Participant: 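Before I ask anything, here is the structure I am working with.
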Amino acid sequence: RRQRVVEIGRLHGPGSLAQPPGPDKDAARRLARLGRWVAALPPRCAVFAANDNCACDVAAAFAAAKRAVPRMNTIVGADGFERTAERPGTMSRISSVKIDREAAGFIAARALGENFRGVAFFGPVMAVRRDSTRGHGRREPFALEAVAMIRREAADGLTARALAARFPGSRNLFERRFREALGHSVLDEILHVRLEKVQVLLSRPDVPIGAIAALCGFGCDYELRKLFRARFGMSMREWRKARF
């Protein structure tokens, strides 16, 4: 299923989609305006919002229009002004990319020092995995429980075998049900979480590259270097250099 990507991050200014909500009457008017906009979108599409706050408003408009998110439509924010405490149900239906704000600060400082002689660009650190990013796991409580364990313990050396032992049944049964629920293997999830931490540590210039493997649950430095290059097409040193 191909999805058309619709960007709304360009909308700024008073009362725009990218602004935090105002009084209730303004929020209601914005939701109505979003509802008309959503109604004009194709049946299957992906929306990239300026930040998570904006993405929540879009998700509410999709829900009001009875359009399925994330099954038929995808909404992606940019880890901005989040309202997780106020709208946890909405937040679980959107995905998000994490912006490397620390790298942005270094780039801004360097640009100021050079009197803006050059223009620098930077990308997101990683995709932030939420329920909407994890496939159908939200329908399988055991899978979400397993994912939560992985996110807490992957960097401490958690293995697929050790995780399977915590659930009833054989390891093969557990791994088959996990793959059916999330669309990928237990090992894939463990490695993804470890690589997330690797990227976070690489974005901190004070952390030696040689120490990262042990801090992220990898058995040896060579294992991490090989996996990182296969996944991102560059070495860890090159990845860090591109951001600082």
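Nothing here was measured: the structure is a model prediction, and the numbers come from that model.
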Participant: Which heavy atom in Ala61 sits nearest to a heavy atom in Gly35, and how many Å separate them?
Facilitator: CB-N, 4.2 Å
Participant: What are the two closest heavy atoms between Ala78 and Asp52, and how far apart are they?
Facilitator: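 Looking at all heavy atoms of both residues, the closest pair is N-OD1, 3.2 Å.
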Participant: Could you state the interatomic distance from CD1 (Ile190) to CG (Leu163), rounded to the nearest 0.5 Å?
Facilitator: 6.0 Å
Participant: Looking at every heavy atom in both Leu182 and Glu189, which two are closest together, and how far apart are they?
Facilitator: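 Nearest heavy atoms, Leu182 then Glu189: CD2-OE1, 4.3 Å.
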Participant: Rounded to the nearest 0.5 Å, what separates atom CD1 in Ile212 from atom CD in Gln199?
Facilitator: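 Answer rounded to 0.5 Å: 10.5 Å.
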Participant: Taking atom CE of Met149 and atom CG of Leu158, what is their separation to the nearest 0.5 Å?
Facilitator: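 One gets 9.0 Å once the value is rounded to the nearest 0.5 Å.
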Participant: In Å, rounded to the nearest 0.5 Å, how long is the span from CD of Glu223 to CG of Asp221?
Facilitator: 10.0 Å
Participant: If you look only at distance, which donor and acceptor atoms sit under 3.5 Å apart when one is on a side chain in residues 228-237 and the other is two or more places apart or in another chain?
Facilitator:
residue: Ser235; atom: OG; partner: Glu238; partner atom: N; Å: 3.1
residue: Ser235; atom: OG; partner: Glu238; partner atom: OE1; Å: 3.4

Participant: Walk me through it: do Val47 and Phe62 pass the test side-chain contact (heavy atoms from CB on, under 4.5 Å)?
Facilitator: CA-CA 11 Å; Val47 177; Phe62 269 81; 4.1 Å; yes
Participant: How long is the gap from NZ on Lys241 to CG on Leu202, to the nearest 0.5 Å?
Facilitator: 15.0 Å
Participant: Assess the residue pair Leu187 and Leu191 against the criterion (side-chain contact (heavy atoms from CB on, under 4.5 Å)); give the C-alpha distance rounded to whole Å, side-chain angles, the decisive distance to 0.1 Å, and a yes or no.
Facilitator: CA-CA 6 Å; Leu187 180 59; Leu191 291 179; 4.0 Å; yes
Participant: To the nearest 0.5 angstrom, please state how far the SG atom of Cys216 sits from the CG atom of Leu224.
Facilitator: 7.0 Å
Participant: If you apply the rule side-chain contact (heavy atoms from CB on, under 4.5 Å), what do you find for Arg151 with Glu196, and how did you get there?
Facilitator: CA-CA 10 Å; Arg151 298 201 70 80; Glu196 278 186 346; 2.5 Å; yes
Participant: Side chains of residues 167-174: which donor-acceptor partners sit under 3.5 Å, not counting sequence neighbours?
Facilitator:
residue: Ser170; atom: OG; partner: Leu173; partner atom: N; Å: 3.1
residue: Arg171; atom: NE; partner: Glu175; partner atom: OE2; Å: 2.9
residue: Arg171; atom: NH2; partner: Glu175; partner atom: OE2; Å: 3.4

Participant: So which atom in Ala55 and which in Ile94 form the shortest heavy-atom distance, rounded to 0.1 Å?
Facilitator: CB-CD1, 3.6 Å
